[in-house]
Amino acid sequence: MLVNRLKSFVTALLATTALALAAPAMAAGSGYKEVQTDVTSPEGKVLVQEFFWYGCPHCYYLEGELQPWLEELDEDVVFERRAVALGQHWVPLTRAFYAADQLDVVDETHAKVFHAIHEEGTRLTDTDSIADFYAEQGVDREAFLEAFEGFGTQNAIRQTGQIAQGAGVQGVPSLLVDGRYLVTGRLAGGNVEMLEVVDALIEQIRDERD
């Protein structure tokens, strides 16, 4: 009888240990959904695309987690920001990002836009207020306005909208990995968890290619 009890205890202990060891893998796979898009990663790379809007507080909070994560990325991971307009009132700030991108000033202005809106309460809701803000950051106002209204910005917004629609992006921030996996805060359980899921997906994609 004692031997049988010991066998049962050992069996239960081993089963519990196996479940505990498997839990991280199961959790890593629960924060995304598989999607079908026309997006493909560059040869030998894994493309991670962030869909965001400057006016979104969740995007602002993710930014604080994103910066240290980006600094630790391996060379085979390509990160791409994509401002998306999921509503008409999102368009001005979406235009602002792509205008800055065309002028190659995103690195200098990206965090400042978030900070101005969410920490200082600056209202950047129309062309003039946005152009004035970028001019205050040292960006040529006329060049910014030309890019803001130009075809390149319109085309970038259209392309991003098509990708977002294909991936089923319904809110921001959202992260699209390799054009196949959509990661959201709701699915992952939070900002930090989003990046943990992305890390797991990157490793999965690497394993598939080996």
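- The shortest heavy-atom contact between Phe52 and Glu50 is CB-OE2, 3.7 Å.
- Note: the hydrophobic cluster containing Val177 also contains Val197 (ILVMFWY, side chain heavy atoms under 4.5 Å, direct or indirect links).
- Ser174 places a side-chain heavy atom less than 4.5 Å from the side chain of Leu182.
- In this structure, Glu75 places its CD atom where only 12 or fewer heavy-atom neighbours from other residues, nucleotides or ligands lie under 6.0 Å away.
- Using a cut-off of 4.0 Å between Lys/Arg side-chain N and Asp/Glu carboxylate O, Asp178 and Lys45 are scored as not salt-bridged.
- Here the side chains of Leu73 and Val48 are not in contact, with every heavy-atom distance at 4.5 Å or above.
- Residue Glu120 places its CD atom among more than 12 non-hydrogen atoms of other residues, nucleotides or ligands, all under 6.0 Å distant.
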| Do Thr160 and Arg82 pass the side chain to side chain donor-acceptor pair (under 3.5 Å) test, and can you show the C-alpha distance, the side-chain angles, and the key distance before you say yes or no? | CA-CA 7 Å; Thr160 298; Arg82 282 193 170 269; 2.6 Å; yes
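- Within a 6.0 Å sphere centred on NE2 of His58, heavy atoms belonging to other residues, nucleotides or ligands number 12 at most.
- Between Tyr54 and His110, the ring planes lie tilted relative to each other; the angle falls in the 30° to 60° range.
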| task | Could you give me the CA-CA distance, side-chain angles and deciding distance for Val84 and Gln165, then say whether side-chain contact (heavy atoms from CB on, under 4.5 Å) is met? | result | CA-CA 10 Å; Val84 63; Gln165 184 176 11; over 6 Å; no
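- Using a 4.5 Å cut-off between side-chain heavy atoms of Ile, Leu, Val, Met, Phe, Trp and Tyr, with links allowed through other members, Tyr60 and Leu195 fall into different hydrophobic clusters.
- Between Leu62 and Pro173 the shortest heavy-atom distance is CD2-CB, 3.5 Å.
- Here the closest heavy-atom approach between residue Gly55 and residue Leu93 is recorded as N-CD1, 4.0 Å.
- When hydrophobic clusters are built by joining Ile, Leu, Val, Met, Phe, Trp and Tyr residues whose side-chain heavy atoms come closer than 4.5 Å, directly or via intermediates, Tyr98 is grouped together with Val106.
- With values rounded to the nearest 0.5 angstrom, Thr184 atom OG1 is found 7.5 Å from Lys33 atom NZ.
- Rounded to the nearest 0.5 angstrom, Leu124 CG and Tyr134 OH are separated by 8.0 Å.
- Counting heavy atoms from C-beta outward, Val113 and Phe97 have side chains that stay 4.5 Å or more apart.
- With contacts defined as side-chain heavy-atom distances shorter than 4.5 Å, the pair Asp199/Trp69 qualifies.
- Nearest heavy atoms, Gln88 versus Pro92: O-CD, 4.0 Å.
- To the nearest 0.5 Å, atoms CD (Gln162) and CD1 (Ile157) are separated by 12.5 Å.
- Leu201 is not connected to Val39 by any chain of hydrophobic side-chain contacts under 4.5 Å among Ile, Leu, Val, Met, Phe, Trp and Tyr, and they are in different clusters.
- Side-chain contact check for Cys56 versus Trp90: every heavy-atom pair is 4.5 Å or farther apart.
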| task | For Gln67 and Glu63, run side chain to side chain donor-acceptor pair (under 3.5 Å): C-alpha distance rounded to whole Å, both residues' side-chain angles, the deciding distance at 0.1 Å, then the answer. | result | CA-CA 6 Å; Gln67 286 307 313; Glu63 191 68 20; 2.7 Å; yes
| request: Starting from the C-alpha separation in whole Å, work towards a yes-or-no answer on side-chain contact (heavy atoms from CB on, under 4.5 Å) for Leu86 and Phe51. | output: CA-CA 10 Å; Leu86 297 181; Phe51 296 89; over 6 Å; no
| message | Gln154 vs Glu149, test: side-chain contact (heavy atoms from CB on, under 4.5 Å). Steps then yes/no. | response | CA-CA 8 Å; Gln154 296 178 25; Glu149 300 290 352; 5.6 Å; no
| field | Residue pair Asp76, Arg209: steps toward the salt bridge (Lys or Arg N to Asp or Glu O under 4.0 Å) verdict | value | CA-CA 12 Å; Asp76 67 334; Arg209 294 174 177 175; over 6 Å; no
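- Counting heavy atoms of neighbouring residues, nucleotides and ligands inside a 6.0 Å radius, atom CG of Asp104 does not exceed 12 of them.
- Counting only heavy atoms from C-beta outward, the side chains of Thr37 and Gln49 never approach each other to under 4.5 Å.
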| task | Step by step, work out the side-chain contact (heavy atoms from CB on, under 4.5 Å) result for Leu70 and Phe79. | result | CA-CA 8 Å; Leu70 289 173; Phe79 181 78; 3.5 Å; yes
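- Clustering ILVMFWY residues whenever any of their side-chain heavy atoms sit less than 4.5 angstrom apart, transitively, puts Val169 in the very cluster that holds Leu47.
- In the displayed structure, Tyr61 atom OH is contacted under 6.0 Å by at most 12 heavy atoms of other residues, nucleotides or ligands.
- Using cut-offs of 30° and 60° for the angle between ring planes, the Phe144 and Phe148 rings count as tilted.
- More than 12 non-hydrogen atoms from other residues, nucleotides or ligands lie less than 6.0 angstrom from CD of Glu80.
- Remark: Cys59 SG to Arg81 CZ distance equals 11.0 Å, nearest 0.5 Å.
- For the residue pair Ala131 and Leu145, the shortest heavy atom distance occurs at CB-CD2, 3.7 Å.
- Within a 6.0 Å sphere centred on CZ of Arg186, heavy atoms belonging to other residues, nucleotides or ligands number 12 at most.
- Taking a cutoff of 4.0 Å between a charged side-chain nitrogen and a carboxylate oxygen, Glu136 and Lys112 do not qualify as a salt bridge.
- The distance from the CG atom of Leu66 to the CD atom of Glu71 is 10.0 Å, given to the nearest 0.5 Å.
- Shortest non-hydrogen contact noted between Thr109 and Val105 is OG1-O, 2.8 Å.
- Within 6.0 Å of the CG atom in Asp38, the count of heavy atoms belonging to other residues, nucleotides or ligands does not exceed 12.
- Going from atom CZ of Phe151 over to atom CD of Gln102 covers 10.0 Å, rounded to the nearest 0.5 Å.
- The closest side-chain heavy-atom distance from Arg180 to Ile205 is below 4.5 Å.
- Residues Asp74 and Ile202 are not in side-chain contact: their nearest non-hydrogen atoms beyond the backbone lie 4.5 Å or more apart.
- For Thr94 (side chain) and Ala83 (main-chain N/O), no donor-acceptor pair under 3.5 Å exists by modelled atom type.
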